[in-house]
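The sequence lines fix the lettering, A, B, ..., with proteins before strands; numbering per chain opens at 1.
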Amino acid sequence: MKSAASNSAHLTRNAAEEMPAGELKRKLLLAESENRALRVKLGLDPTAPDIHLGHTVVLQKLREFQDAGHKVVLIVGDQTARVGDPSGRSETRPVLTGAEILANAQTYEAQAALILDQDPARYELRFNSEWLDMSMDDLLGLVRTTTVAQLLEREDFANRYKSGEPISILELLYPLMQGYDSVAVQSDVELGGTDQTFNILLGRDIQRHYGVPEQAVLTMPILPGIDGVDKMSKTKGNEIAITAAPDEMFGRTMRLPDEAMESWFHLLAVAAPPQGTAPREAKASLAKALVERFHGEEAASAAEAQFNSQFVAHEVPDDVELFSIAADGEQVHLPSVLAEAFGISRSEARRLLEQGGVKVDGAQIAPEALDISCEALEGAIVQIGRRRFKKFKIVR
RNA sequence: GGGGGGAUGUCCGAGUGGUUAAAGGAGACGGGCUGUAAACCCGUUGGCUCUGCCUACGCAGGUUCGAAUCCUGCUCCCCCCA
């Protein structure tokens with residue numbers, strides 16, 4: 001095991017902020033002297049089971065803690081999910097049932113296993129209903145730790161309060177619950193994105209009120225999505241799921257704007273190519289490294305080859321899905337066939353035709369060609385747009 | 001308890017009786033350019049048996065030749081005063 005000092009430097013190298021300054025190092029030294037592992041906490045939202053690259057920034061950091069001999073404590077926020085977080089607008093989230101939460105947690109755990117070490121000595125999974133399903137007496141005890149003024153320090157609360165937007169009591173309660181999690185699991189360190197800074201810091205205050213040692217705080221920068229602008233999230237559609245197929249993962253990474261590349265290399269801990277590498281080459285190496293991380297080296301090479309063939313050389317992919325059309329006449333109605341084959345509406349298919357977005361065996365179909373002979377479609381590769389393909393088969 | 005404001009297409013947001021499938025923007029999609037980058041240009045963006053028809057502006061009724069626009073009731077949301 002490396003020394004606590006060098007570990008500290010390694011762990012903070014690509015972090016956004018360490019709070020209080022030097023606290024992590026002190027914790028590491030303390031653990032070393034007591035010959036024990038630090039308990040490193042991460043809370044997760046059981047409503048979003050699909051882990052994407054954005055989540056992996058923190059998970060990867062947790063892994064580094066594990067590799068340094070420490071213990072990760074994942075907390076599934078099942079209690080909070082049962083309430084339904086009304087954050088943001090008035091759209092209250094659907095309240096999840098216990099079964100759904102459990103299923104989501106399992107999915108999350110299975111996916112996290114791709115990154116985290118599941119060795120029980122290095123890993124612990126807890127559900128916060130274990131301690132948050134508390135009595136009114138205990139709740140009042142928790143609530144007593146914090147004032148409204150403290151909560152209004154949080155920027156988004158303050159802004160909303162000032163501009164007269166609603167803030168639900170439930171939302172105000174969230175940071176308290178999250179903080180109590182830290183008390184309950186005796187966390188030494190809590191990790192999170194920079195958007196969690198306030199909540200994690202409040203955790204320290206709450207720990208102090210309960211007379212337990214205060215956690216060190218380590219925040220990671222937020223990974224931008226493939227649009228290079230917004231935080232990566234499923235709702236924005238700018239995410240890359242870690243379960244995404246190799247080709248998709250590679251292709252979506254290639255769509256990343258150049259400006260966002262540096263932060264991706266940095267935050268996803270991918271070794272950057274030498275200075276002066278052409279942007280396209282650099283991006284390809286990033287894409288390849290990511291596919292390799294989640295699917296292995298072989299899949300990464302294959303994805304790269306596939307990408308070059310399809311998008312650089314404009315060749316038809318070789319694993320095009322087969323689609324059977326039932327036909328009883330000599331001709332078929334193209335909009336209806338396209339709609340069925342690609343899961344779009346007929347109107348949309350018509351639009352694609354009108355705009356020259358449909359190709360049969362590489363040849364663009366004229367907009368007025370609404371009916372097409374079965375002969376022309378038999379065994380043909382039909383393409384809509386740049387990346388959707390189907391191989392047609394006529395069934396009589 | 002009192003007063004006021006609001007609910008429009010994927011999202012934001014115009015529209016206060018007729019030329020409104022509904023301005024504008026964002027996003028998305030298609031085409032061009034290209035490095036499936038950015039930027040830029042053009043086009044599309046409810047559905048269908050598509051020169052037409054159907055469905056749509058919180059829900060349910062009503063007035064009218066005609067309503068997203070007016071009236072009634074209902075649901076939900078927000079703000080202010082106390």
Side-chain angles (χ1 to χ4, degrees), chain A residues 84 86-94 159-171 224-240 244-265 273 277-288 290-291 303-317 329 331-340 342-360 362-371 382-389:
Chain A
S87 284
R89 310 273 160 179
S90 54
E91 299 150 27
T92 19
R93 284 191 201 170
N159 290 341
R160 284 159 64 190
Y161 186 65
K162 238 181 291 170
S163 65
E165 278 178 76
I167 301 172
S168 129
I169 303 274
L170 230 37
E171 288 177 77
I226 56 174
D227 55 6
V229 181
D230 293 316
K231 172 182 175 177
M232 183 175 282
S233 76
K234 202 174 179 182
T235 39
K236 280 273 177 191
N238 63 0
E239 87 285 10
I240 296 181
D247 289 353
E248 194 193 334
M249 193 178 270
F250 195 98
R252 282 175 82 78
T253 305
M254 289 305 283
R255 254 153 76 149
L256 184 72
D258 292 358
E259 305 78 68
M261 250 201 291
E262 197 189 326
S263 69
W264 274 45
F265 274 114
T277 304
R280 195 195 171 280
E281 296 316 309
K283 208 177 292 175
S285 76
L286 172 66
K288 201 172 172 183
L290 291 175
V291 177
E304 185 176 32
Q306 163 70 34
F307 180 85
N308 287 333
S309 145
Q310 186 176 338
F311 295 109
V312 180
H314 297 290
E315 290 164 354
V316 171
Q331 300 204 311
V332 286
H333 191 59
L334 212 39
S336 108
V337 170
L338 290 174
E340 215 185 315
F342 293 97
I344 56 180
S345 76
R346 293 180 186 198
S347 301
E348 196 177 348
R350 271 169 205 280
R351 269 179 234 128
L352 284 166
L353 280 165
E354 274 163 30
Q355 299 184 125
V358 179
K359 286 181 184 167
V360 173
Q364 200 174 65
I365 297 299
E368 59 276 10
L370 293 184
D371 293 301
V382 177
Q383 175 183 5
I384 63 173
R386 280 177 300 177
R387 49 178 181 273
R388 282 173 287 180
F389 297 88

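Atom-to-atom, CG of A:D371 to C1' of B:U49 comes out at 12 Å; the value is rounded to the nearest Å. The CG atom of A:N238 sits 18 Å away from the P atom of B:A26 (whole-angstrom rounding). Atoms NZ (A:K234) and C1' (B:U10) sit 16 Å apart, rounded to a whole Å. Atoms CG (A:D227) and C1' (B:G27) sit 10 Å apart, rounded to a whole Å. Rounded to whole Å, the distance from CG on A:D230 to P on B:C12 is 15 Å. Straight-line distance from the CG atom of A:L338 to the P atom of B:C50: 16 Å, rounded to whole Å. Remark: C1' of B:U10 and CD1 of A:I344 are 17 Å apart, rounded to the nearest angstrom. Remark: P of B:C50 and CG of A:L353 are 14 Å apart, rounded to the nearest angstrom.
The separation of B:U16 from B:U63, taken at their P atoms, amounts to 25 Å, rounded to a whole angstrom. Nucleotides B:G17 and B:U69 are separated by 11 Å at their P atoms, to the nearest Å. B:U10 and B:C59 are spaced 22 Å apart, taking the C1' atom of each and rounding to whole Å. On the C1' atoms, B:G32 is 14 Å away from B:A39, given to the nearest whole Å. Straight-line distance between the P atoms of B:C57 and B:A68: roughly 8 Å, to the nearest whole Å. Rounded to a whole angstrom, the distance from the C1' atom of B:U8 to that of B:A14 is 10 Å. Rounded to a whole angstrom, the distance from the C1' atom of B:A26 to that of B:U44 is 16 Å. Look at the P atom in both B:C54 and B:U49: the space between them is 15 Å, to the nearest Å.
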B/S/- along nucleotides 31-39 of chain B (protein heavy atoms under 4.0 Å) is S---BBB--
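Residue A:R350 has no polar side-chain atom (N or O) positioned under 4.0 Å from OP1 or OP2 of B:G46. One finds a side-chain N or O of A:S345 lying less than 4.0 angstrom from the OP1 or OP2 phosphate oxygen of B:C48.
Within the 4.5 Å cutoff, side-chain heavy atoms of A:I384 are placed close to those of A:I344. For the pair A:Q310/A:F389, a side-chain contact is recorded, criterion being any heavy-atom separation below 4.5 Å from C-beta on. Counting heavy atoms from C-beta on, the side chains of A:T253 and A:W264 come closer than 4.5 Å.
Put simply, the side chain of A:S309 never gets that close to the backbone of A:A305: no donor and acceptor are under 3.5 Å apart. A donor-acceptor contact shorter than 3.5 Å links the side chain of A:N238 to the backbone of A:S233. Not one N or O on the side chain of A:K283 forms a donor-acceptor pair closer than 3.5 Å with the backbone of A:M261. A:Q383 places no side-chain N or O within donor-acceptor distance of the main-chain N or O of A:K359, the cut-off being under 3.5 Å.
Each of A:L286, A:V291, A:I240, A:L290 was evaluated against A:F250; a single residue qualifies, A:V291, per the side-chain contact (heavy atoms from CB on, under 4.5 Å) test.
Other residues, nucleotides and ligands contribute only 12 or fewer heavy atoms inside 6.0 Å of the CD atom of A:E262.
Where A:R346 and A:K236 each meet RNA chain B at their nearest nucleotide, the meeting point lying more 5' is that of A:K236.
When base pairs are accepted only as Watson-Crick or G-U wobble with both N-N or N-O distances under 3.5 Å, RNA chain B takes part in stems of 3 or more pairs at B:1-7 with B:75-81, B:10-12 with B:24-26, B:27-32 with B:40-45, B:46-48 with B:52-54, B:58-62 with B:70-74.
Distance check: A:E239 CD to A:D227 CG gives 10.5 Å after rounding to the nearest 0.5 Å.
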